[in-house]
Amino acid sequence: MLDIKFIRENKELIKAGAKKKHITFNVDKLLEWDDRRRASLATVERMRTEQNIATEKIGNSNNESDKARLIEEMQTLKVKLKEEEETLKKVMQRWKTLMLEVPNIPDMSVPDGESDEDNKEIKAWGEKTSFEFDPKDHVEIMNNLEMVDFERGTKIHGFRGYYLIGDGARLSWAIWNYANDFFGAKGFLPMIPPAIVRKENLYGTGHLPNEADDVYNTQDEDYLIGTAEIPITGYHSGEVLKKEELPKKYLGFSPCFRREAGSHGRDTRGLIRVNEFFKIEQVILCEANHEESVKWHEEINRNTEEFIESLGIPYHTVINCGGDLGQGQVKKYDIELWVPGENKYREISSASYFHDFQSRRFNIKYKEGDPNPEDGQREKPRYVHTLNSTAIPTPRILVSLVENFQQADGSVKVPEVLQKYFGKEVISKN
RNA sequence: GGAGGGGUGGCAGAGAGGUCGAAUGCACUGGUCUUGAAAACCAGAGUGCGGGAAACUGUACCGUGGGUUCGAAUCCCACCCCCUCCGCCA
């Protein structure tokens with residue numbers, strides 16, 4: 001959600017932004033409805049003023065005939081007022097629907113492009129792993145080491161089902177525990193949020209209305225989260241925070257559910273694309289200025305890079321092009337890990353900032369706890385800025401981990417930093 | 001799931017159809033007094049939307065959405081949330 005006043009004054013910016021994001025959105029139509037909204041609102045308010053004045057007279061008057069006359073006048077006015085209120089209500093509905101579709105404006109530094117294929121590499125770290133033997137892909141490696149069971153996974157869950165078993169499960173625990181220590185040391189407050197949430201929260205983050213096909217919902221019309229970003233960003237909804245308590249830095253751990261509707265043919269094998277997984281997520285609420293957003297965006301992305309570097313997995317970072325940005329995102333970086341079996345990088349992390357797009361929908365504000373009285377003006381509450389980034393997802397991380405650290409005998413070396421969490425140096429058959 | 005009680009400003013808590021954006025207390029801000037502070041006293045202070053360059057002004061907001069009425073915090077209906085008790089349960 002953007003500020004309607006801003007939209008009114010900057011419609012060319014909105015148009016250019018939508019074009020860059022390859023999103024179809026008609027600003028002129030919104031502004032037409034905004035004109036209608038304001039006209040109708042003015043009419044309604046004029047009638048209410050009249051009504052309020054008459055009401056006061058009726059209450060104060062002792063003259064019965066005056067009263068009777070006024071009441072009769074107001075009965076007539078009331079009919080007209082109701083009609084106009086109906087009009088206003090309809091206009092507001094249309095207006096709100098359109099407001100929810102306004103895309104946020106991408107940053108200048110976002111490259112043009114249509115899809116993830118047009119994202120630009122801005123950094124590459126580590127040597128792409130080379131092998132002196134025929135490397136296997138993660139499905140084969142993990143099957144051989146009895147870390148995963150896809151057959152029974154699909155028997156129980158269906159398409160895209162899996163069980164992590166034995167060292168597959170243990171390795172997941174090791175990663176979670178390591179990540180919890182690693183990111184916890186960077187000043188984040190750990191959080192285990194609800195994974196079933198009211199739909200307002202998906203509107204808040206911007207996952208609704210546009211991504212309705214990709215989310216699961218319940219018979220109570222609640223939704224299963226696809227990311228902890230949803231309940232954590234919504235954590236402070238409707239609140240006015242103190243400026244001094246910003247930034248809020250949260251590290252959420254949650255299951256994530258994605259229907260993957262529309263990607264039935266893609267990544268049908270293995271652990272890359274599954275319907276349920278776990279993810280540790282960084283979420284930040286900060287003061288409302290662009291430099292703050294940029295600073296924290298760089299930082300949370302760098303946090304994940306550092307984490308991957310500590311594991312020793314080759315990766316590159318891309319800046320996402322306009323067409324690969326979500327409706328609310330201003331700018332996004334993806335970190336992609338090298339997957340030898342596919343001979344390409346695969347996304348593991350996504351860091352983006354939204355300015356006040358989400359906080360307007362969630363109504364999260366802040367103000368100075370200690371106002372400066374010199375000019376007599378208390379600082380107005382402002383909407384916070386929000387950002388989020390993956391810390392680490394499992395089991396997707398296992399794909400590149402086992403493929404890059406596989407050895408000739410079929411075993412997998414455990415990255416040094418994980419060894420104390422995992423308890424062994426090597427994953428092997430026995 | 002069943003029975004009962006309740007949601008009012010930052011907090012506590014009145015109000016039970018018109019004089020209510022809402023008493024009172026606490027907290028907060030400014031001032032008077034004071035060497036300084038406390039106390040006391042005086043004054044001020046919410047948010048959204050519309051109009052206005054601004055001062056300011058109109059309107060809405062007493063959990064949410066409807067309804068009754070000339071007029072609703074107050075009456076009616078539905079929903080949400082919280083509390084107590086019973087049942088079920090990791």
Side-chain angles (χ1 to χ4, degrees), chain A residues 1-9 30-96 98-100 102 192 194-204 218-223 231 234-245 255 288 356 359-384:
Chain A
M1 190 93 77
L2 298 182
D3 183 2
I4 184 62
K5 287 179 201 146
F6 177 85
I7 298 171
R8 247 185 259 143
E9 285 159 19
L30 170 65
L31 292 182
E32 275 171 35
W33 281 96
D34 189 52
D35 288 341
R36 265 174 242 179
R37 167 187 151 258
R38 284 188 291 162
S40 176
L41 188 63
T43 309
V44 165
E45 291 194 350
R46 224 178 296 121
M47 288 180 180
R48 282 182 185 158
T49 309
E50 201 181 323
Q51 190 180 57
N52 287 341
I53 291 168
T55 293
E56 206 183 323
K57 279 188 192 157
I58 293 167
N60 292 332
S61 169
N62 293 319
N63 183 326
E64 290 306 318
S65 69
D66 271 4
K67 271 197 196 178
R69 185 179 49 79
L70 276 170
I71 288 175
E72 205 182 309
E73 273 177 35
M74 287 307 104
Q75 282 169 338
T76 319
L77 178 70
K78 185 182 172 179
V79 177
K80 282 193 266 176
L81 176 58
K82 279 217 161 142
E83 270 173 31
E84 191 59 38
E85 280 175 340
E86 276 305 308
T87 307
L88 178 60
K89 204 162 125 187
K90 279 180 194 148
V91 171
M92 282 302 287
Q93 270 170 9
R94 189 81 185 99
W95 182 83
K96 277 183 189 162
L98 287 169
M99 281 296 279
L100 283 177
V102 184
I192 300 177
I196 304 173
V197 302
R198 296 174 178 285
K199 65 174 179 301
E200 292 74 42
N201 298 287
L202 282 89
Y203 279 101
T218 73
Q219 62 268 53
D220 300 317
E221 293 181 72
D222 293 324
Y223 285 78
Y235 186 60
H236 290 293
S237 59
E239 296 181 18
V240 181
L241 303 169
K242 288 200 185 81
K243 188 177 183 179
E244 295 75 22
E245 55 185 328
D356 59 6
S359 60
R360 282 180 181 278
R361 294 179 169 212
F362 273 126
N363 190 22
I364 308 170
K365 298 181 179 175
Y366 71 93
K367 64 177 178 187
E368 303 250 13
D370 199 15
N372 171 15
E374 261 175 47
D375 55 1
Q377 293 296 310
R378 205 176 264 260
E379 184 174 297
K380 278 234 158 198
R382 305 185 64 190
Y383 291 104
V384 301

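To find a chain, count down the sequence lines: A is the first, B the second, and so on, and within it residues start at 1.
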From NZ of A:K78 over to P of B:G67, roughly how many Å is that when rounded to an integer?
10 Å

Looking for any heavy atom pair under 4.0 Å, which part of the strands does A:R37 touch: base, sugar-phosphate only, or nothing?
sugar-phosphate

Could you tell me whether A:R46 and A:E50 make a salt bridge, using a distance below 4.0 angstrom between a side-chain N and a carboxylate O?
no

Atom C1', compared across B:C33 and B:G48: separation rounded to whole Å
41 Å

Rounding to a whole Å, what distance do you find between A:M92:CE and B:G48:P?
15 Å

For A:I58, which contact category applies under a 4.0 Å heavy-atom criterion: base, sugar-phosphate, or nothing?
base

Under 3.5 Å: donor-acceptor pair, side chain of A:R361, backbone of A:L100
yes

Using purine N1 to pyrimidine N3 plus N6-O4 or O6-N4 for Watson-Crick, or N1-O2 and O6-N3 for G-U wobble, both under 3.5 Å, which nucleotide pairs with B:G9?
none

Using Watson-Crick or G-U wobble geometry with both distances below 3.5 Å, tell me the partner of B:U64, or none.
B:A78

Gap between atoms CD and C1', on A:E200 and B:G63 respectively (whole Å)
14 Å

According to a strict under-4.0 Å criterion, is A:T49 in side-chain N/O contact with OP1 or OP2 of B:U59?
yes

Interatomic distance at P, B:A39 relative to B:C26, whole Å
11 Å

B:G36 pairs with which nucleotide, Watson-Crick or G-U wobble, both distances below 3.5 Å?
none

If you only use heavy atoms from C-beta on, which nucleotide in B:G50, B:U69, B:U47 is closest to the side chain of A:R38?
B:G50

Would you mind reading off the distance between A:K89 atom NZ and B:U59 atom P, rounded to a whole angstrom?
22 Å

Has the side chain of A:T55 got a donor or acceptor atom that lies under 3.5 Å from a matching backbone atom of A:Q51?
yes

Rounded to whole angstrom, note down the P distance from B:G13 over to B:C76.
24 Å

Taking only side-chain N and O atoms of A:K82, does any of them lie within less than 4.0 angstrom of OP1 or OP2 on B:U68?
yes

Would you say a side-chain N or O of A:K242 is under 4.0 Å from OP1 or OP2 of B:G10?
no

Just checking A:R198: base, sugar-phosphate only, or nothing, at a heavy-atom cut-off of under 4.0 Å?
sugar-phosphate

Proximal nucleotide (of B:C81, B:C70, B:G50) relative to the A:M74 side chain
B:C70

Quick one: does A:Y366's side chain have a donor or acceptor within less than 3.5 Å of a partner on A:A288's backbone?
yes

At 4.0 Å (heavy atoms only), tell me whether A:E73 reaches a base, stays on the sugar-phosphate, or touches nothing.
nothing

Complement of B:G4, any strand, by Watson-Crick or G-U distances under 3.5 angstrom
B:C83

Span that lies between the P atom of B:G25 and that of B:G6, in whole angstrom
27 Å

Please report the distance separating the P of B:A60 from the corresponding atom of B:U8, rounded so that it comes out in whole Å.
22 Å

Closest to side chain of A:Q75, choosing from B:C70, B:C49, B:A60
B:C70

In whole Å, I'd like the distance from the CG atom of A:D35 to the C1' atom of B:G51.
15 Å

Looking across every strand, which nucleic acid part, if any, lies under 4.0 Å from A:K57 by heavy atom: base, sugar-phosphate, or nothing?
nothing

Side chain of A:E45 (C-beta onward), nearest among B:C70, B:U68, B:U59:
B:U59

Whole angstroms only, please: what is the CD-P distance between A:E56 and B:U19?
8 Å

Separation of the C1' atoms in B:U19 and B:G31, to the nearest angstrom
31 Å

Is A:N201 reaching over with its side chain to a backbone N or O of A:R198, donor-acceptor style, under 3.5 angstrom?
yes

Output yes when at least one side-chain N/O atom of A:Q51 is less than 4.0 Å from OP1 or OP2 of B:G71, else no.
yes

Of A:R48 and A:D3, whose nearest nucleotide on RNA chain B comes first from the 5' end?
A:D3

Here the distance between atom C1' of B:A72 and atom CG of A:N52, to the nearest Å, is 12 Å

With respect to the side chain of A:K5, which nucleotide from B:G48, B:U59, B:C49 is positioned closest?
B:C49

A:L41 has its side chain closest, among B:C70, B:C49, B:U47, to B:C49

How would you label the contact of A:R8 with the nucleic acid (heavy atoms, under 4.0 Å): base, sugar-phosphate, or nothing?
sugar-phosphate

Above 12 or not: heavy atoms from other molecules or residues under 6.0 Å from NZ of A:K67?
yes

Would a distance-only check, ignoring hydrogens and angles, find a side-chain to backbone donor-acceptor pair under 3.5 Å from A:S359 to A:V384?
yes

For B:G48, which nucleotide is its Watson-Crick or G-U wobble mate, given both distances must be under 3.5 Å?
B:U59

Separation between the P atoms of B:A23 and B:G44, rounded to whole Å:
13 Å

Taking for A:G59 and for A:I4 the nucleotide of RNA chain B with the nearest heavy atom, the one nearer the 5' end belongs to A:G59

Would you measure the distance from the P atom in B:G4 across to the matching atom in B:G10 and give it in whole Å?
33 Å

Salt-bridge present (A:E85, A:R48; N to O < 4.0 Å):
yes

Rounded off to whole Å, could you give me the CH2-to-C1' distance for the A:W95 and B:G50 pair?
12 Å

My understanding is that a pair needs two contacts under 3.5 Å, Watson-Crick or G-U wobble. By that rule, which nucleotide pairs with B:A16?
none

